[in-house]
Amino acid sequence: MTNALDDIKLNNDQIAWRAAQDIEDGAYVNLGIGFPERVAQYTVKGRTPVFHTENGVLNFGPAPAEGEEDWDLINAGKKAITLKSGAAFFHHADSFAMVRGGHLDVAILGAFQIAQNGDLANWSTGKGGIPAVGGAMDLVQSAKRVAVLTDHVTKHGDPKLVERCTMPLTGVGCVTRIYSSLAVVDIADGHFWLREKVPGISFDDLQAVTGAELKTEGDVLDLIVSGEGAPV
Amino acid sequence: MTNALDDIKLNNDQIAWRAAQDIEDGAYVNLGIGFPERVAQYTVKGRTPVFHTENGVLNFGPAPAEGEEDWDLINAGKKAITLKSGAAFFHHADSFAMVRGGHLDVAILGAFQIAQNGDLANWSTGKGGIPAVGGAMDLVQSAKRVAVLTDHVTKHGDPKLVERCTMPLTGVGCVTRIYSSLAVVDIADGHFWLREKVPGISFDDLQAVTGAELKTEGDVLDLIVSGEGAPV
Amino acid sequence: MDKSVATLAEAVAPIGDGATVMIGGFGGSGAPIELIHALIDKGPKNLTVINNNAGNGHVGIAAMIEQGLVSKIICSFPRSSDPIAFNEAFKAGTLELEVVPQGTLAERIRAAGAGIPAFYTATSFGTDLAEGKPVETFDGKSYVQERWLKADFALIKGEIGDTMGNMTYRMAARNFNPIMAMAADCTIAQVTRIAEPGAIPPEQVVTPGIFVDRMVEVAEPRQEEILIREGAVYP
Amino acid sequence: MDKSVATLAEAVAPIGDGATVMIGGFGGSGAPIELIHALIDKGPKNLTVINNNAGNGHVGIAAMIEQGLVSKIICSFPRSSDPIAFNEAFKAGTLELEVVPQGTLAERIRAAGAGIPAFYTATSFGTDLAEGKPVETFDGKSYVQERWLKADFALIKGEIGDTMGNMTYRMAARNFNPIMAMAADCTIAQVTRIAEPGAIPPEQVVTPGIFVDRMVEVAEPRQEEILIREGAVYP
């Protein structure tokens, strides 16, 4: 099954592209460290979201050319960034006032597990090792919309969309949309609602790699990555 | 008795002068609206206290000449002020972070009543009318040292230094020194400790116009207003 | 993204009856007089106004009271040099008053903006203003629990704004304006000049644009203190 | 009033064994490397360090750990590109770790500076990091009670400072520095340039001098990120 999925599933850039299609013009957006950062590369033409990084910058732009880095100008992943016109700096308490106060329109994070009640586990595998939470727990409880980007299954083929998270929680009932490598799934009323799936998989096969019931209402659309600027 | 006191008591400028003698070089000081503001005029030569006003200014100076006012540059009493070199502006939450966080060395306020346990009543007579508290309750609970300037008795000759405040409290156990028109009195261990009195009054006469026991330890000094810059 | 609107009337258009409105300023310093007067022109009723004060003379918040827009004021200090508008409405029983210590008022507003539903402060402990509020002891000292204070709208006044909503303030006119910008669902700012993004160096932004929804330019704002000394009456 | 001191050694002189020390910066941005290294030279033991991270490479906080100064770290994110110093001490059991969500860490520090002994946040509700903490419901939503976080000392890094302690910061190097300045009994700042009062326009002051106790000029501060890429080791 896993091998078959590998042929039809979206890669990380394609998942990021799909998430970017839902970011509205003028939205204030926080992108988690790593994979979610790629969403910024696929901003829809004609829309100008404002990106927030929790270390105190609003309206930053892409990474500078190598050798042009200023290490006082970094994002939450400690990567060098640039500024757009109309940027602002502020201290950490003000930055998290923006987060906690509900001023961000969208936060997009990675996930280990997402439960059908919206619970998210993405900070600790619970297996010992060194815990590190960063700003994830703040973001998931407070942004107006919390979405996750994720492979639909783990490297071992286990579902990441589950009935109940077994890993330590990052937040309770916080996720409302999942952009996975196979589907777009909303969370509402304690259920997963399938909105889109990649054309190469049947509903039953998708259900088989999902750890809780996928409900539908109306049409399930094809999840197709195409158009100007779309990754291949 | 009241008439006799009128001849020997300090006027408001003299009380303010006495309070100013205790302000150390470099101290951060908040002076209450009205009478306490006069303390700034009697800063001891060679000392440079930094004055804070709760509407968001550190290191302001005296009033400008008439006609030179800028009404965006005012103090808590809404009077026009000037800036000294090294001033800073900040918003109201930051200003009261300075207050509440214990960063002020001294707050000096007026008083209706001060109790021997340090309770202060200075915001409401409790007789109806329109209540107005301003920043007094914040200042008295949080400055490192809270002192009051006051006539020793009311206009009717009643004691303002009392066993228990009968008027609505501004703060509990907060005052540690009283600069009155007749004496300097410390508050410690639930008692008034007489440190200085004007030379023209005997201990017994002072006790007679004080509403709780005046305790002493060691010498009671003469409260004499004199020297360079002292008011007459 | 362009948060600027062309007129004062358009700026205050969303404010309807029964709204809770924070108004920046400390006395006249930082008071958005032109926005307030535009709101009087529109004339919504039963407003709850949150400000440090309760109006002075016959302009600004005092004029809002005289024109019957306000049913409740939350403030720290309703006294002013000419408090007749407030005093008459208060004594007539048409205006409810909630007095809040100034630092607690500021922190409740900041808490609303920062997503803190409640916090503890030593301020007001043991006084009438703590009545009915939970008290808790931390490290042997007693503190009063205070709740956040939110608003539907904030009317604020700044100096320079850019079209993305970033703002600076002039001197002590800053006061409550930046924290009210954080605490309202919709923050409406008047500024002396609206500029293109980039006009304010990013290190000098005081209110980041994320906290501002609408911005209108008032190139020559009036100062409440001067209006009052002139005996001005609005409308 | 002149808060400037002549040398880094003099600046950190008051920090003794067992002290709790906040250290500004987010990764290398805003990290007061020269103050940290001066503290290593002095060599106090059993320090509790509060920082967003837990050191990287073999300089700064990582070097403090390697040199045996640190017994506990309170941070949000101990991972870094080269976390060997932290990892080895943690696994050896010589270094205690308290992980705090980043926004809660920032707000606990700000609360300490603002005299707020406790506050409520939705952050961490229902997670392992809320274990043992009081939970309360406000307006139907659950929140966790968090306590202020104070320190004996703060080591911070700014751009321009004046002798009264007023400070600015360079770009995103601001991060935790201004709030740590508020939360420590004694705040020690390194700045690129110490100027006379008045050099910083009052509207552009980010940290008012009241929050700063000692200031030392480090005209050409090193950037942690570059040191790490160079493979630098301290001492």
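Reminder, nothing fancy here: chain letters follow the sequence lines and each chain counts from 1.
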Under a 4.5 Å heavy-atom cut-off, does chain D meet the side chain of A/Thr170, its backbone, both or neither? backbone

Which portion of A/Phe89 sits near chain D, non-hydrogen atoms under 4.5 angstrom: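 Both the backbone and the side chain of A/Phe89 come within 4.5 Å of chain D.
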
Please look at [X] and chain A and tell me whether the side chain, the backbone, both or neither of the residue comes under 4.5 angstrom of a heavy atom of that chain.
| X | answer |
| --- | --- |
| D/Ile109 | neither |
| D/Phe90 | side chain |
| D/Arg110 | side chain |
| D/Asn87 | both |
| D/Tyr169 | neither |
| D/Arg108 | neither |

Looking at D/Ala106, D/Ala130, D/Ser80, which has the largest count of heavy-atom pairs under 4.5 Å with chain A?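 Looking at each of D/Ala106, D/Ala130, D/Ser80 in turn, D/Ala106 comes out on top.
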
If we define contacts as heavy-atom pairs under 4.5 Å, which of D/Thr123, D/Asn177, D/Leu129 has the most with chain A? D/Thr123

For chain D, which residues from residues 100-111 of chain A lie under 4.5 Å away (heavy-atom distances)? A/Arg100

Atom of [X], atom of [Y] and distance for their closest heavy-atom approach:
| X | Y | result |
| --- | --- | --- |
| A/Asp138 | D/Gly103 | OD2-N, 2.8 Å |
| D/Gln102 | A/His92 | OE1-NE2, 2.7 Å |
| A/Gly171 | D/Thr127 | N-CG2, 4.2 Å |
| A/Leu73 | D/Met171 | CB-CE, 3.9 Å |

Give, for atom [atom1] of [X] and atom [atom2] of [Y], the distance between the pair rounded to the nearest 0.5 Å.
| X | Y | atom1 | atom2 | value |
| --- | --- | --- | --- | --- |
| A/His91 | D/Met182 | NE2 | CE | 7.0 Å |
| A/Lys78 | D/Glu224 | NZ | CD | 9.5 Å |
| A/Ile130 | D/Phe77 | CD1 | CZ | 11.0 Å |

Taking every non-hydrogen pair under 4.5 Å, which of A/Val133, A/Leu169, A/Val99 racks up the most with chain D? A/Val133

Of all pairs that satisfy salt bridge (charged side-chain N to carboxylate O under 4.0 Å, His left out), the ones with a partner from residues 46-58 of chain A, not counting sequence neighbours: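 Sorted result for residues 46-58 of chain A: empty, none.
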
